[in-house]
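Counting begins at 1 with the first residue of the sequence.
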Amino acid sequence: MLVAFSVSPTTTDAPDGSVSEAVARAVAVVRASGLPNETTSMFTTLEGEWDECMAVVKAACQAVAEVSPRVALVLKADIRPGWTGQLTAKVERVEQHLQAHP
């Protein structure tokens with residue numbers, strides 16, 4: 001499965017409202033998990049089995065909760081048993097279509 005999620009504190013002491021320090025804590029958890037992952041400006045996507053992905057999402061939320069009394073989580077999942085390598089393969093298929101039909 002692929003899980004795209006965004007976790008952040010709902011409060012921050014940063015004068016500019018930045019949540020990047022807390023988000024970095026969550027991304028560190030994802031990277032330490034060993035699961036294939038990618039972080040973009042809005043979401044982190046990871047690939048693995050249901051239980052291992054959800055354990056990482058939970059741990060990422062807990063990492064943010066260590067610095068904020070309230071945490072927001074947005075999650076989207078592509079549950080497709082028997083498929084692996086889709087973190088990059090889905091994008092590659094779209095790119096092939098774009099090349100065929102510029």
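Here Arg31 pairs with nothing under the side chain to side chain donor-acceptor pair (under 3.5 Å) rule; sequence neighbours left out. For Ser18, the side chain to side chain donor-acceptor pair (under 3.5 Å) partners at least two apart in sequence or on another chain are Ser20.
Side chains of Val3 and Met54 form a contact here, defined as non-hydrogen atoms less than 4.5 Å apart. Inter-residue side-chain proximity for Val67 and Pro9 is flagged as unmet; no heavy-atom pair is nearer than 4.5 Å. At a threshold of 4.5 Å between non-hydrogen side-chain atoms, the residues Leu2 and Leu87 count as touching.
In this structure, Leu73 is a member of the same hydrophobic cluster as Val64, with clusters built from ILVMFWY side-chain heavy atoms closer than 4.5 Å. Side-chain heavy atoms closer than 4.5 Å link hydrophobic residues (I, L, V, M, F, W, Y) into clusters, and following such links, even through other members, never connects Phe5 to Val74. Linking ILVMFWY side-chain heavy atoms closer than 4.5 Å, directly or via other members, places Val23 and Val7 in two distinct hydrophobic clusters.
For residues 41-61, the pairs satisfying side chain to side chain donor-acceptor pair (under 3.5 Å) are Thr39-Thr44, with sequence neighbours left out.
A donor-acceptor pair under 3.5 Å is absent between the side-chain atoms of Arg70 and the main chain of Thr10, judged by distance alone.
For the atom pair CG (Asp78) and NZ (Lys90), the distance works out to 3.5 Å, reported to the nearest 0.5 Å. From Gln99, atom CD reaches atom CD of Gln96 across 7.5 Å, with rounding to the nearest 0.5 Å. Interatomic distance, CZ of Arg80 versus CD of Gln86, reported as 5.5 Å (0.5 Å rounding). Ser8 contributes atom OG, which lies 9.5 Å from atom CE of Met42 (distance to the nearest 0.5 angstrom).
A side-chain contact (heavy atoms from CB on, under 4.5 Å) with Met1 holds for exactly one of Thr84, Ile79, Leu46; it is Ile79.
In this structure, Ala60 and Val29 approach most closely via the heavy-atom pair N-CG1, 3.8 Å. In terms of heavy atoms, Leu35 sits closest to Asn37 at O-ND2, 2.9 Å. Between Cys53 and Gly48, the shortest heavy-atom distance links the atoms SG-N, 3.4 Å.
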